[in-house]
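These numbers come from the heavy atoms of this one structure, side chains and all, not from hydrogens, waters or symmetry mates.
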Amino acid sequence: MGKLALLIGVSEYKSNVLPPLSGVVKDIEAMQRVLQHPEIGKFDQVTQVINKDAATIQYEIERLFTENRQKDDLVLLYLSGHGFRDEKGFLYYVSHNTKVNEHKHVFTGTAVAARFIQEQCMNRSQSQRQVVILDCCFSGAFAEGMSAKNAVRIINIDIAAQLGGEGRAVLTSSTATQVSFEDQGGGVYTQYLIEGMEKGAADTDDDGVITVAELHEYAKRKVQEAKPAMKPEIYAVREGYTIHLAKAPLGDPRLEYRKEVEKCVRKDGTFSVVGRRILDRRQKELKLTPEEATVIKEEVLKPFREFQQSLQEYEQVLVEVLQDEPVLSDETCEELRRLQQILKLRDEDIAAMHQSLDIKRTLPDEDDLSSEKGIDYTKLRDLLKAQKWKDADYETYLVMIQAVEKKENDWFLADELLNFPCTDLRTIDQLWIKYSNGHFGFNVQKRIYLEVGGISDGNYYEEAWKKFGDRIGWRVKGNWISYSQITFNTSAPEGHLPRHLPFSWFSSDWSRGLFSRIETCKI
């Protein structure tokens, strides 16, 4: 029986397209410190692999899972760095030598495929306890199709007491469609995984053992207190949730007080009168000094403070912008949206702020009906102005099919959308936005698609596309609605229109082609 861990991090990249990640090495070192600690992780072997090429990383991962592994071994793989998904949605981990061309196309042969880790390493391993932790973008995609090899289970009771149940667990810092986040020199998710083990705070049932599930739930809660838009996830096969990762001290007064603080703090990061009285009493019972108690409370309140700082930063920028631009242009709104994403704030986090400041957007007095293809947009403008949404929806299809030099009832192809004339796309979009008062339009749809985790890079992300459909009312209870069920008035969800397009486009081509073209045209 052995406990072995491999910690892989890439902070520097040969490609200039990939930004460096300054906190990766720090995360690796902290993770090693906790896992090797004789009173915490007590791993027998922890190996670092930093800034290596794809071949070396693959070799080390294969060694971890397959070289002399025994049934009762516990193996842990930790990956920190950049991740990306290809056009089919498969996840890859970016290595030091991953090649990216000027069009941001990633050559997958120079990266490490999640499928390689699953199929060639995990599935071939004799180890019956496997844990994978990924702190990288789109890490939730790792678990898609995850399975455990069929094996006869013979559990040694003594070993199970030390290592937990047999199975697999995958912990991810983000969903399959979400960009992860590095903050203050390190991964936010990793930061709280380490804190949960090092402080013992993740031992929620007070049995002296921190399981995979306990550790993830602790880190997830802390991450969402600080960056509420982040959504760490956990996936498990068989009893993977119950695998033991670390020990926690029993009877430690500092840990007991910390858990009391966790119980008393409210969702807004404050303490009630009753909560403060409870903490004062517990401090005296546990014989902690006021200074010790203050340090513990400050540690617990740290994520709440980070969240408040993000809100304050966003509000400060918004106030400054409104002083120069009382009515916000679409370009400014898009920049604010980007700031919101960087700060990991949800729409509901900033909604009251926008309402109190009475945000308005620019609507030009005269319509620009420009066209690269000589198309007359007068009819579309008049239909939208009269709020004849259904007729305007069909007219949108007619002018767009004309712009790609096809005939009525023809289908759009993704490549045609990727090369759609920018001037015409801008004209159509601005007419929809203006006459719906910002409720409908392609740019509105693109913004929502990005909010649910999509990326306008010409690739198709199925999970984001489904969430997008749910958000704008094209999916109801998990089913895509038919055209006859479309709502043609402004009571429909934001982004519900335009929608009248041939079925072949109402799929991956929309997200792959249209949203990417809006990005390249800078609309």
Side-chain angles (χ1 to χ4, degrees), residues 327-334 337 359-412 416-417 420-450 456 468-469 471-474 481-503 505-506 509-511 513-515 517-519 521-523:
V327 181
L328 301 183
S329 66
D330 287 340
E331 185 177 10
T332 300
C333 288
E334 188 63 30
R337 176 65 60 182
I359 305 300
K360 295 182 175 64
R361 299 181 64 168
T362 301
L363 297 177
D365 295 331
E366 296 184 3
D367 296 318
D368 181 359
L369 303 182
S370 302
S371 171
E372 294 178 30
K373 299 292 185 177
I375 297 172
D376 184 359
Y377 289 105
T378 303
K379 183 177 180 180
L380 177 61
R381 189 266 318 272
D382 293 344
L383 289 170
L384 288 169
K385 191 173 184 179
Q387 297 193 353
K388 295 182 178 180
W389 304 115
K390 188 172 184 178
D391 292 338
D393 197 40
Y394 187 68
E395 179 66 17
T396 298
Y397 160 67
L398 292 178
V399 294
M400 290 189 72
I401 206 72
Q402 186 180 348
V404 297
E405 300 179 359
K406 284 190 169 184
K407 297 179 181 179
E408 187 175 356
N409 297 323
D410 282 344
W411 291 352
F412 288 92
E416 291 168 339
L417 297 176
F420 197 90
C422 291
T423 300
D424 293 75
L425 189 58
R426 182 177 291 105
T427 296
I428 295 167
D429 187 48
Q430 291 306 309
L431 288 173
W432 273 97
I433 288 175
K434 176 178 179 179
Y435 289 109
S436 68
N437 195 27
H439 196 70
F440 299 137
F442 293 137
N443 229 316
V444 177
Q445 293 171 345
K446 177 205 164 189
R447 171 175 57 78
I448 294 171
Y449 180 68
L450 295 178
S456 53
F468 169 75
R471 175 86 170 268
I472 68 172
W474 289 357
I481 66 174
S482 65
Y483 187 69
S484 63
Q485 297 172 289
I486 293 295
T487 303
F488 291 104
N489 58 60
T490 52
S491 68
E494 187 181 24
H496 194 65
L497 297 173
R499 164 66 169 78
H500 189 100
L501 300 162
F503 186 78
W505 191 17
F506 181 55
D509 286 352
W510 189 311
S511 60
L514 181 66
F515 296 153
R517 190 57 174 162
I518 290 174
E519 185 77 21
C521 290
K522 301 188 183 303
I523 295 175

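- The CZ atom of Phe468 sits 10.0 Å away from atom CG of Leu450, with the distance rounded to the nearest 0.5 Å.
- Atom CZ of Arg381 is separated from atom NZ of Lys434 by 8.5 Å, given to the nearest 0.5 angstrom.
- Separating the NZ atom in Lys390 from the CD1 atom in Ile486 is a distance of 10.5 Å, to the nearest 0.5 Å.
- For Glu395, there are no side chain to side chain donor-acceptor pair (under 3.5 Å) partners, not counting sequence neighbours.
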Evaluate Val444 against His439 for side chain to side chain contact (heavy atoms under 4.5 Å, CB included), listing each step before the verdict. CA-CA 7 Å; Val444 177; His439 196 70; over 6 Å; no

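- In plain terms, the two heavy atoms of Phe440 and Leu497 that are nearest each other are CB-O, 3.3 Å.
- With a 4.5 Å cut-off on side-chain heavy atoms, Glu494 and Ile472 do not count as touching.
- Using a 3.5 Å distance cut-off with no hydrogens or angles, the side chains of Tyr377 and Asp382 do not pair a donor with an acceptor.
- In this view, Asn443 and Glu334, Asp429, Ile433, Lys446, Ile518, Ile523 satisfy the side-chain contact (heavy atoms from CB on, under 4.5 Å) rule, not counting sequence neighbours.
- In this structure Trp389 satisfies the side chain to side chain donor-acceptor pair (under 3.5 Å) test with no other residue, sequence neighbours excluded.
- Atoms NE2 and CH2, on His496 and Trp474 in that order, are 8.5 Å from each other to the nearest 0.5 Å.
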Can you give each donor-acceptor pair under 3.5 Å made by side-chain atoms of residues 368-375, sequence neighbours left out, with the distance rounded to 0.1 Å?
residue	atom	partner	partner atom	Å
Asp368	OD1	Ser370	N	3.0
Asp368	OD1	Ser370	OG	2.4
Ser371	OG	Lys373	N	3.0
Ser371	OG	Gly374	N	3.1
Ser371	OG	Ile375	N	3.0
Ser371	OG	Asp424	OD2	2.6
Glu372	OE2	Cys422	N	3.3
Glu372	OE2	Thr423	N	3.1
Glu372	OE2	Thr423	OG1	3.0

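- The side chain to side chain donor-acceptor pair (under 3.5 Å) test applied to Gln485 returns Ser482, not counting sequence neighbours.
- By the salt bridge (Lys or Arg N to Asp or Glu O under 4.0 Å) test, Lys385 pairs with no residue at all, sequence neighbours left out.
- Atoms CG and CD, from Leu384 and Gln430 in turn, are 12.0 Å apart once rounded to the nearest 0.5 Å.
- A donor-acceptor pair under 3.5 Å links the side-chain atoms of Asp393 to the main chain of Arg499, judged by distance alone.
- Every residue two or more places apart in sequence or in another chain that forms a side-chain contact (heavy atoms from CB on, under 4.5 Å) with Arg471 is listed here: Asp347, Ile448, Glu451, Val452.
- With sequence neighbours excluded, the residues forming a ring pair (Phe, Tyr, Trp, His ring centres under 6.0 Å) with Phe488 are Tyr483, listed by chain and number.
- Here the shortest heavy-atom pairing between Val399 and Thr396 reads CG2-O, 3.2 Å.
- Across all non-hydrogen atoms, the minimal contact from Ala403 to Phe420 is CB-CZ, 3.5 Å.
- Using cut-offs of 30° and 60° for the angle between ring planes, the Phe515 and Tyr449 rings count as tilted.
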Apply side chain to side chain contact (heavy atoms under 4.5 Å, CB included) to the pair Tyr394 and Leu380, showing each step before the final yes or no. CA-CA 9 Å; Tyr394 187 68; Leu380 177 61; over 6 Å; no

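- The distance from the CD atom of Gln387 to the CG atom of Asn489 is 9.5 Å, given to the nearest 0.5 Å.
- For Asp376, the side chain to side chain donor-acceptor pair (under 3.5 Å) partners are Thr378, not counting sequence neighbours.
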